[in-house]
Student: 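One structure follows; several queries about it will come next.
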There are 2 protein chains.
Amino acid sequence: MILKSQVEWALHCCAILSSLPEGRYLSTKALAELHGLPKEYLSKALQSLSQAGLVHTTLGPSGGYRLAKAPNELTFLDVVEAVEGGGRTFVCQNIRANNPCRPKGFCESGPCAVARVMWEADEAWRSALRKVTFADLVQTLEAEVDPAIWSGTFQWVLKRAG
Amino acid sequence: MILKSQVEWALHCCAILSSLPEGRYLSTKALAELHGLPKEYLSKALQSLSQAGLVHTTLGPSGGYRLAKAPNELTFLDVVEAVEGGGRTFVCQNIRANNPCRPKGFCESGPCAVARVMWEADEAWRSALRKVTFADLVQTLEAEVDPAIWSGTFQWVLKRAG
DNA sequence: TCAAATAGGGATATTGTATATCCGTAATTA
DNA sequence: TAATTACGGATATACAATATCCCTATTTGA
């Protein structure tokens, strides 16, 4: 059970967009170059973010993406679910219903006890991702990324941002 | 990102094995019938449990599986990791290293900040699964499963347990 | 006004993993 | 001795992830 690589891409792209000045846009092309990713395929991930309403887009030259809300309002969970989908990692096939000892047509009282435990773990996972915003991430990156690279990247982005 | 159906199968099988009397064994065939699953494929899941040391096996007629430890020592995480593998759900491809603003051969100080957040969520998921044992599960099932079905299944299992 | 650049969506190919089955082997029991 | 079992290897199938290509509508800048 491994997350799509698009999740990683989307997270890093949102990190960049989080430090983009208000009102500026950054294109798929620039984001792909910056991260060394296939432009066409990265585009699909960004479209997922757009469909989820997490980013705003404009067309034409100097078009691209910007966050639709402030970095401190955007959580890791938002991005992960936009790309990966909001479904549960554990899908209950209700195999207890195949028990030959059951009378036919027996109606279950509620969700399977096994599934409930697995779903609680899913919720713990989601909860952890919901607690971290992109404002938190940017703060961490500012503190630990080499200052020369940090500002160099910032300049690189600004030069390409419409 | 969805767990293998084998995870569900293994969990339900361990639930049955947890209420099996000391020293008795239950075969793949019986476990497959009880849950309405393909015997050959379920066998692979049970083999994973065996390789992980969670169950003990015997060969020959009246052979099969029993738990290798007491139900209160066996956690959901044990079973999930045996079948699904213990790897992380988020694989860091370290795409920050593709940043064209970096000097070539630049050495990273540590794991990516994005990956660390994702890994913490993974750990929250694991931690939730580690907290629930099969003794807990059996207790829940005893309390909520229809008593007639519960005892009927118990008899069904005993008749087939070697 | 027009050419270039952009997001977006559809179609398609490729790869990889999950699912599923089959068969042979060694061990064990009745 | 014959039947039953776990186990491992080989193989086939279905489906999702990955990746690319092309067309369209829109917008910008020259």
Side-chain angles (χ1 to χ4, degrees), chain A residues 1-10 13 17 23-33 35-66 68 80 82-85 87 89-91 93 95 160-162, chain B residues 1-10 13 17 23-33 35-66 68 80 82-85 87 89-91 93 95 160-162:
Chain A
M1 184 187 60
I2 293 180
L3 288 162
K4 309 187 202 183
S5 55
Q6 285 193 338
V7 171
E8 182 182 15
W9 303 357
C13 287
L17 296 182
R24 311 281 300 268
Y25 290 80
L26 197 59
S27 70
T28 305
K29 189 184 172 203
L31 288 167
E33 278 180 25
H35 296 109
L37 301 173
K39 193 189 91 170
E40 310 277 359
Y41 193 31
L42 172 62
S43 169
K44 304 294 184 184
L46 297 173
Q47 283 173 39
S48 297
L49 298 181
S50 175
Q51 284 165 5
L54 304 183
V55 296
H56 184 253
T57 72
T58 58
L59 290 177
S62 81
Y65 298 87
R66 67 166 170 85
V80 170
V83 174
E84 187 69 36
T89 67
F90 182 85
V91 177
Q93 303 291 142
I95 61 176
R160 285 158 181 84
Chain B
M1 185 188 59
I2 293 180
L3 288 163
K4 310 186 200 182
S5 56
Q6 285 193 340
V7 170
E8 182 182 16
W9 303 356
C13 286
L17 296 182
R24 312 279 302 265
Y25 290 82
L26 197 60
S27 71
T28 305
K29 189 185 172 202
L31 287 166
E33 280 180 24
H35 296 108
L37 301 173
K39 193 189 91 170
E40 311 277 359
Y41 193 31
L42 172 62
S43 169
K44 304 293 185 185
L46 298 173
Q47 282 174 41
S48 296
L49 298 181
S50 175
Q51 284 165 5
L54 305 183
V55 297
H56 184 253
T57 71
T58 57
L59 289 177
S62 82
Y65 298 87
R66 67 169 171 82
V80 170
V83 174
E84 187 70 35
T89 67
F90 182 86
V91 177
Q93 303 290 143
I95 61 176
R160 284 160 181 83

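As the structure is a computational prediction, the values presented were derived from the model and not from experiment. Naming: A, B, ... by sequence-line order, numbering from 1 per chain.
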Student: Quick check on the helix from C:dT1-D:dA30 to C:dA30-D:dT1: what's the angle between its two end axes, five base pairs per end, to the nearest 10°?
Tutor: 10°
Student: What does nucleotides 24-30 of chain D look like as a protein-contact string, B for base, S for sugar-phosphate only, - for none, at under 4.0 angstrom between heavy atoms?
Tutor: --BBBS-
Student: For the pair made of CG in B:Leu46 and P in D:dC7, what is the distance, rounded to whole Å?
Tutor: 8 Å
Student: What is the distance from atom OH of B:Tyr65 to atom CG of B:Leu26, rounded to the nearest 0.5 Å?
Tutor: 11.0 Å
Student: State the NZ-CE distance between A:Lys4 and B:Met1, to the nearest 0.5 angstrom.
Tutor: 11.0 Å
Student: What is the separation between atom CG on B:Leu26 and atom P on D:dT5, rounded to the nearest whole Å?
Tutor: 10 Å
Student: Taking atom C1' of D:dT5 as reference, at what distance in whole Å does atom CZ of B:Arg66 sit?
Tutor: 16 Å
Student: Between CZ of B:Arg66 and OG1 of B:Thr58, what distance do you get to the nearest 0.5 Å?
Tutor: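 Output value for this atom pair is 8.5 Å.
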Student: Does the protein touch nucleotides 16-22 of chain C at the base, only the backbone, or not at all? Give it as B, S and - per nucleotide, heavy atoms under 4.0 Å.
Tutor: --SBBBB
Student: Within the structure, does a side-chain N or O atom of B:Thr28 lie under 4.0 Å from either OP1 or OP2 of D:dA6?
Tutor: yes
Student: Would you compute the distance between atom CD of B:Gln47 and atom CD of B:Gln6 and round it to the nearest 0.5 angstrom?
Tutor: 10.0 Å
Student: Taking only side-chain nitrogens and oxygens of B:Gln51, does any of them come within less than 4.0 Å of OP1 or OP2 of D:dC7?
Tutor: no
Student: Without decimals, in angstroms, what is the distance between A:Glu33 CD and C:dA5 C1'?
Tutor: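 For the pair A:Glu33 CD and C:dA5 C1', the rounded distance is 14 Å.
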Student: Specify the separation, in whole Å, of atom CD of B:Gln93 and atom P of D:dA17.
Tutor: 16 Å
Student: I want to verify a distance call: between D:dC7, D:dT5, C:dT6, whose nearest atom is closest to the B:Tyr65 side chain?
Tutor: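 Nucleotide nearest to B:Tyr65's side chain: D:dC7.
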Student: Kindly assign one of parallel, tilted or perpendicular to the pair A:Tyr41 and A:Trp9, based on the angle between their ring planes and the thresholds 30° and 60°.
Tutor: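 It falls in the perpendicular class, over 60°.
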Student: If we ignore hydrogens and angles and just use 3.5 Å, is the side chain of B:Glu84 paired with the main-chain N or O of B:Val7 as donor and acceptor?
Tutor: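 It does not hold such a pair.
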Student: A:Ala82 and A:Ser48: which non-hydrogen atoms are nearest, and at how many Å?
Tutor: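 Taking every non-hydrogen atom into account, O-CB, 3.6 Å.
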Student: If you round to the nearest 0.5 Å, how far is SG of A:Cys13 from CG of A:Leu49?
Tutor: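 Here the interatomic distance stands at 8.0 Å.
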Student: CZ/A:Arg160 to CZ/A:Arg24 distance, rounded to the nearest 0.5 angstrom?
Tutor: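 A:Arg160 atom CZ to A:Arg24 atom CZ measures 12.5 Å (nearest 0.5 Å).
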Student: Which pair of non-hydrogen atoms, one from B:Leu31 and one from B:Leu46, has the smallest distance, and what is that distance?
Tutor: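 That closest heavy-atom pairing would be CD1-CD1, 4.0 Å.
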Student: Under 4.0 angstrom, heavy atoms only, what part of the nucleic acid is A:Gly64 near: base, sugar-phosphate, or nothing?
Tutor: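 The residue A:Gly64 makes sugar-phosphate contact but no base contact.
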